[in-house]
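Note that the structure is a prediction, hence the values are computed from the model and not measured.
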Amino acid sequence: MDNKGNQTEEILYQDLEIPEIVWEKANEAFSQIHMKEKKKQKHAVFRIPKAAAVAIICCGILGTTVAAMEIISVYRQRMEGMEKQEIEDLYQLANAGEANSLNRPFTAEEEERYQALTEEYEKNGRFPEETLAIIAAAGDYSGQSVAIAADTRTIYLPRKALSDEELLEIIDFNHKMTYSIYEKNQERILAQGNWESRMAEMTDSEVDRIYLAYCASNLETGGGFSRKLRQEENQRYEELNEQYENEGVYPETELDIIKTVDEYTGTGAVFCEENSTYYIPDGAVSDFEFLQIIDFDHKISYCFDRIHYDIMMGFREDYPKAE
């Protein structure tokens, strides 16, 4: 869009240090997802959550997403049921070094079973009986079973063929590490009490509402504002955007959404789905109206990030669809 409110910084994971190579591989792995929604998110700022990048590099793949809401609930309960100390330990491990690697590659048969078991883990709630062992250093590895060395974040595999239990322990570890990153960063964001905290406090229904409104809009015929902003308005918009992000200046109510241009009365600011345009009065635009637009623009970016992350984690079956 013409305004710059959608140039949003990463919200969920902005302070987590992830090597560039991880980002490159993560972007490649997510290319299919990006293509699916490319047209709809034409003007949105889309970024792969950093936790997702970590998970992808953890042995190559997290697996398919779940197919039924009942199973999502079981899987989500396992993640949300993690003890705080386990979350803390995995978060510290995630930030201790490079992304996970294996001391030997999976065999073709192991990789095939790994992917199949990942699907069972997410779809059928098939979890391991034990957790992946964490050892201090490579020298502590006994050569038996599977374990991860905390100093190098290398997952050690025995020479023998891996059992289903051992593969499930690795799958479980990858999912839990990803969730731990998410949880710790959510804690940090909420504690800040700033505009990012406003985003994190949005409910799923609020996220779906904005996502659907934006995706339903016709990006090919519109975008930006209903009229060209005057020089003074452009300057004021930039100043208010700065205040929104850095000084906690927010609108008291959300921007209204209309479906067709005919619904606009000529007063106030609204987002129109028909042509993906912010409609503003011909006369003066108030600071409050600009703040509503700035707030909506930031939320668009956030909603895309959050929904894609939830799908990757298996907390959603698919993208929201209009009823």
Side-chain angles (χ1 to χ4, degrees), residues 10-19 21-23 25-26 48-63 74-104 114 117-118 121-122 125-158 162-192 196 200 309-310 312-315:
E10 294 168 17
I11 297 169
L12 297 178
Y13 314 98
Q14 67 175 14
D15 291 336
L16 181 63
E17 295 297 327
I18 302 294
I21 186 63
V22 176
W23 280 112
K25 293 182 179 180
I48 299 172
K50 292 188 177 180
V54 173
I56 289 172
I57 306 308
C58 290
C59 306
I61 186 169
L62 246 178
V74 172
Y75 165 68
R76 189 166 191 165
Q77 285 174 14
R78 182 172 180 83
M79 297 296 107
E80 294 178 346
M82 291 174 63
E83 297 290 337
K84 287 187 176 181
Q85 189 58 54
E86 183 179 12
I87 291 174
E88 181 65 35
D89 291 345
L90 288 176
Y91 180 75
Q92 293 301 324
L93 181 59
N95 285 278
E98 298 294 320
N100 301 349
S101 59
L102 300 173
N103 68 319
R104 69 163 176 84
Y114 180 90
L117 287 167
T118 297
Y121 178 94
E122 296 179 337
R126 183 179 176 184
F127 306 130
E129 295 180 4
E130 304 291 338
T131 59
L132 182 68
I134 300 176
I135 57 178
D140 298 326
Y141 181 57
S142 65
Q144 305 296 317
S145 192
V146 293
I148 182 168
D151 61 341
T152 62
R153 277 181 56 190
T154 298
I155 296 178
Y156 283 85
L157 313 177
L162 298 177
S163 67
D164 285 358
E165 167 66 19
E166 290 167 334
L167 287 169
L168 283 168
E169 287 178 15
I170 297 171
I171 292 165
D172 190 53
F173 174 83
N174 289 339
H175 282 72
K176 285 185 172 180
M177 173 177 277
T178 303
Y179 182 75
S180 297
I181 294 169
Y182 168 77
E183 277 296 293
K184 293 300 293 183
N185 280 278
Q186 284 294 94
E187 288 180 13
R188 174 187 60 79
I189 290 167
L190 290 171
Q192 290 175 345
E196 293 175 306
Y309 174 79
D310 283 351
M312 192 284 301
M313 277 295 295
F315 289 167

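Within the structure, the salt bridge (Lys or Arg N to Asp or Glu O under 4.0 Å) test picks out the following pairs touching residues 164-174 (sequence neighbours left out): Arg78-Asp172, Arg113-Asp164, Arg126-Asp164, Lys160-Glu166, Asp172-Lys176.
Listed by chain and number, the residues in a side chain to side chain donor-acceptor pair (under 3.5 Å) with Asp89 are Gln85 (sequence neighbours excluded). In terms of the side-chain contact (heavy atoms from CB on, under 4.5 Å) criterion, residue partners of Leu190 (sequence neighbours excluded) are, by chain and number, Ala200, Glu201. The side-chain contact (heavy atoms from CB on, under 4.5 Å) search around Ala133 returns Ala147, not counting sequence neighbours. Applying the salt bridge (Lys or Arg N to Asp or Glu O under 4.0 Å) rule to Glu83 yields no partners; only residues at least two apart in sequence or on another chain are considered. With sequence neighbours excluded, no residue forms a salt bridge (Lys or Arg N to Asp or Glu O under 4.0 Å) with Glu130.
Between Ala149 and Ala137 the shortest heavy-atom distance is CB-C, 4.0 Å. Closest approach of Ser145 and Pro158 over heavy atoms only: O-CD, 2.8 Å.
Looking only at side-chain heavy atoms (C-beta outward), Leu168 and Phe127 stay at 4.5 Å or farther from each other. For the pair Ser101 and Arg153, the minimum side-chain heavy-atom distance is 4.5 Å or more. Using a 4.5 Å cut-off on side-chain heavy atoms (C-beta onward), Tyr121 and Pro128 make contact. Using a 4.5 Å cut-off on side-chain heavy atoms (C-beta onward), Tyr179 and Leu90 make no contact. The closest side-chain heavy-atom distance from Tyr75 to His175 is below 4.5 Å. The side-chain heavy atoms of Tyr114 and Ile170, taken from C-beta on, include a pair separated by under 4.5 Å. Looking at Tyr141 and Val146, their side chains never come closer than 4.5 Å, going by heavy atoms from C-beta outward. Residues Leu162 and Leu157 form a side-chain contact, since some pair of their non-hydrogen atoms from C-beta on lies under 4.5 Å apart.
Taking CD1 of Ile148 as the reference point, atom CG of Leu132 lies at 6.0 Å (rounded to 0.5 Å). To the nearest 0.5 Å, the span separating CD1 on Ile135 from OG on Ser142 amounts to 7.5 Å. If you take CD1 on Ile87 and CD on Gln92, they are separated by 12.5 Å, rounding to the nearest 0.5 Å. In this structure, OG1 in Thr178 is found 5.5 Å from CD1 in Ile181, a value given to the nearest 0.5 Å. The CE atom of Met82 lies 8.5 Å from the CD atom of Glu183; values are rounded to the nearest 0.5 Å.
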Go through the steps for Leu102 and Tyr156 under the test side chain to side chain contact (heavy atoms under 4.5 Å, CB included), then give the verdict.
CA-CA 6 Å; Leu102 300 173; Tyr156 283 85; over 6 Å; no

